[in-house]
Amino acid sequence: MAGLCPRKKSANKKHDPISCDIEFDGVFAPGVCAKLVAELIKHVLYQRQQFPMSYEQVKQHFHRQQEKEGPSKQRGLGAVHHNKVRQGIETAEEMFNNLEKIFSQMSHIPQVVLVLGATPVSPKETYTFNLPAENSTGDTLSLKTGVRTMFRRLVQKDFMSDLKLMSPTSAFVLIKAPRKLDGTVEWFQPKLNFKLSTRGRQVVINLVSASCAIEEELSRGSETSFDLSGIAPLDSSSTEQLNTSAYENFSPGQNDSGFGGENRFSKSSESDMTPMLTDRMEGGGDDDFIWYQAPLAIKGFKDKSSKIAKNSEMLI
Amino acid sequence: MAGKLAQKSAITLRGSTDIVAEFFSYGINSILYQRGIYPPETFSRCQKYGLTLLVTTDDTLKKYLAEVLAQIKEWLYSMTVQKLVVVIKSVDTAEVLERWQFDIECDKSAKDPGAKPREKSEADINKEISAVIRQITATVTFLPLLETACVFDLLVYTDKDLDVPDSWGESGPQFISNSEEVRLRSFTTTIHKVDAMVCYKKDD
């Protein structure tokens, strides 16, 4: 008689989300916020081996090569690589330009997500950028100040170097922004059914205005749980439309593990919640938010055109 | 097969010296490229540590670096070197604007007669070095722009009473006034450990 044995659990190791707070002594204009997000994306692309050099260096070398050799001279594998590089740069530039546009169109964008993987719903890594709260106050900071503060903190924290090496894959960008389905949002496509996946490595980068005490409290620690008592869920007609609402599938008392985002809330039985800036995600009225996805993914590539240095080639 | 695997994981003093000296070579080239000390068109790409790195094609610079690094290699082997510093200063004013400092710790027991090779794979060491170099690249995003033409100096801190070759001169530390400092990552071969940091003039 065949016996039964307990099904072995998958060997996939669940990693705790990595969180990094970056505090600014002021606020940013929307255009500056868009540029900070673009810089974060460039940083991740390089640090996670999606681009073989920093983004600006890739661009510089590509254009110099084009001036020197001209596109018509590329043949065979060289042409394939050249096209990959060109496509990577062109997609990224289009992404960054459209980021600026959408930031200028929206009253407030609380969150941008960068997903590395074959599809947005099966990520290897997810980078969530939580942006400064709408009610932040303080002096308006320049892009230069923002970039310096941000990268100084990122370099000091340097958590990406400890992550497993990654092969080139696709990078998808999604933005959480106020619902506007009247066609005023260009390029980015609304994704009403999108939910952030809990698969893969989760990294959360919180850009926090130091003046906003609420943001500091919410962004600290990955195991903070949030008491939802007293917050009424949306009614069922709203939840049918807002499939990505933070309150979807919520039943009071069913899940005591805290509030960290719609995907964790409904699916996970574990208490490892990624801290989100919940005040912005509460739906209802003029402030309901939906996900928008960039129609193109930035495709990573390896350097196939430079020579491989031999050991001790540089030394006498 | 087992013998070949053992070779890749066994680090000798000579092997560690080569690895660290090579890192310094690529590291210095990266700094010179990233900070625009030499024109970007004088650099060519190569792949090392799983990265695309920029190395100089300028013959004079190549010769200078090769000579300096040959000496540093000797000091690494004799474990008499403590720091390597890349100083960047303004051509016009000679003011020191940046200091990239690499602190070296040596495990002197590796020099003992009959000392056994250490167990650490080349792949692991390369991964650590790769992280340092990527961090150096990322650091450039927040460093103040070098708005004037700059030159660089290489300073080496050694043990006292060491015979200094004629081609080397004694120098002061060339510290920066009104500076900020950022500690970077380190890597280790188990025989030599290298810590990196950058110090830069505050942007007023």
Side-chain angles (χ1 to χ4, degrees), chain A residues 22 36 39-40 42-49 51-58 60-65 67-68 85 143-167 301-316, chain B residues 15 17-19 21-26 28-30 33-34 40-41 43-56 62-63 65-73 122-123 126-128 130-145 180 182-185 198 203:
Chain A
I22 303 171
L36 287 178
E39 292 303 317
L40 279 171
K42 290 175 194 174
H43 180 70
V44 172
L45 289 174
Y46 172 58
Q47 294 293 329
R48 301 308 292 133
Q49 298 97 43
F51 278 23
M53 295 185 285
S54 73
Y55 178 77
E56 301 305 332
Q57 285 168 13
V58 166
Q60 201 179 61
H61 277 269
F62 178 77
H63 290 132
R64 199 176 305 132
Q65 201 170 6
E67 279 169 19
K68 229 165 77 171
V85 177
L143 176 64
K144 182 169 127 176
T145 304
V147 165
R148 285 208 184 148
T149 306
M150 191 166 73
F151 281 104
R152 193 187 158 118
R153 183 79 177 108
L154 285 172
V155 166
Q156 281 173 320
K157 187 111 184 190
D158 193 34
F159 47 82
M160 284 188 242
S161 297
D162 296 325
L163 299 175
K164 220 170 98 173
L165 291 177
M166 216 167 153
S167 328
F301 56 88
K302 285 196 174 199
D303 184 352
K304 300 251 165 112
S305 61
S306 53
K307 65 168 188 161
I308 297 171
K310 292 179 201 155
N311 282 346
S312 305
E313 187 179 319
M314 297 284 283
L315 310 170
I316 291 175
Chain B
T17 297
D18 285 346
I19 288 170
E22 196 170 46
F23 160 73
F24 284 143
S25 176
Y26 285 107
I28 293 168
N29 269 276
S30 283
Y33 173 79
Q34 301 285 352
E41 55 270 19
F43 289 82
S44 68
R45 289 175 300 154
C46 70
Q47 291 185 53
K48 185 75 183 167
Y49 313 122
L51 300 171
T52 297
L53 300 180
L54 283 305
V55 293
T56 187
K62 272 164 79 171
K63 188 168 173 251
L65 287 177
E67 283 169 5
V68 165
L69 286 162
Q71 181 60 65
I72 289 172
K73 240 178 113 167
E122 205 178 312
N126 283 347
K127 193 178 168 205
E128 289 176 25
S130 169
V132 175
I133 293 184
R134 271 187 277 113
Q135 203 181 24
I136 288 173
T137 305
T139 299
V140 170
T141 45
F142 66 82
L143 293 179
L145 208 57
E180 291 205 56
V182 174
R183 283 229 151 256
L184 304 178
R185 294 185 78 92
V198 63
D203 204 17

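Below, chains carry the letters A, B, ... as their sequence lines are ordered, and counting in each starts from 1.
For B:Ile72, no part lies near chain A; criterion is any non-hydrogen pair under 4.5 Å. Proximity to chain B is absent for every atom of A:Glu56, based on heavy atoms less than 4.5 angstrom apart. Residue A:Glu39 does not touch chain B at all, counting heavy-atom pairs closer than 4.5 Å. Interface residue A:Arg64: only side-chain heavy atoms are found under 4.5 Å from chain B. Proximity to chain A (any heavy atom under 4.5 Å) is shown, for B:Leu65, by neither the backbone nor the side chain. For B:Gln34, the part sitting under 4.5 Å from any heavy atom of chain A is the side chain, from C-beta outward, and nothing else. Using a 4.5 Å cut-off between heavy atoms, B:Leu54 touches chain A through its side chain atoms alone.
In this structure, the separation between OG1 on B:Thr141 and CZ on A:Arg148 is 10.0 Å, given to the nearest 0.5 Å. Atom OG1 of B:Thr52 and atom OH of A:Tyr46 lie 8.5 Å apart (nearest 0.5 Å).
Between chain B and the options A:Met160, A:Gln57, A:Gln60, heavy-atom pairs under 4.5 Å are most frequent for A:Gln57. Top candidate by heavy-atom pairs under 4.5 Å with chain B, chosen from A:Gln47, A:Gln49, A:Met150, A:Lys302, is A:Gln47. Of the listed residues (B:Phe24, B:Tyr33, B:Phe142), the one with the most heavy-atom contacts under 4.5 Å to chain A is B:Phe142.
For B:Lys127, the NZ atom sits in a packed shell: over 12 heavy atoms of surrounding residues, nucleotides or ligands are nearer than 6.0 Å. Sparse packing is recorded around NZ of A:Lys304, with 12 or fewer heavy atoms of other residues, nucleotides or ligands lying under 6.0 Å away.
With hydrogens and angles disregarded, no donor-acceptor distance shorter than 3.5 Å links the side chain of A:Gln156 to the backbone of B:Val182. Of the possible polar contacts, none joining the B:Gln135 side chain to the A:Asp158 backbone as a donor-acceptor pair under 3.5 Å is found.
When all heavy atoms are compared, the tightest approach of B:Arg134 to A:Ser161 is NH1-OG, 4.1 Å.
Salt bridge annotation for A:Asp162-B:Arg185: present, with a cationic side-chain nitrogen under 4.0 angstrom from a carboxylate oxygen.
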TODO: Apply the test side-chain contact (heavy atoms from CB on, under 4.5 Å) to residues B:Arg45 and A:Asp303: give CA-CA distance (whole Å), side-chain angles for both, the deciding distance (0.1 Å), then the verdict.
DONE: CA-CA 10 Å; B:Arg45 289 175 300 154; A:Asp303 184 352; 3.7 Å; yes

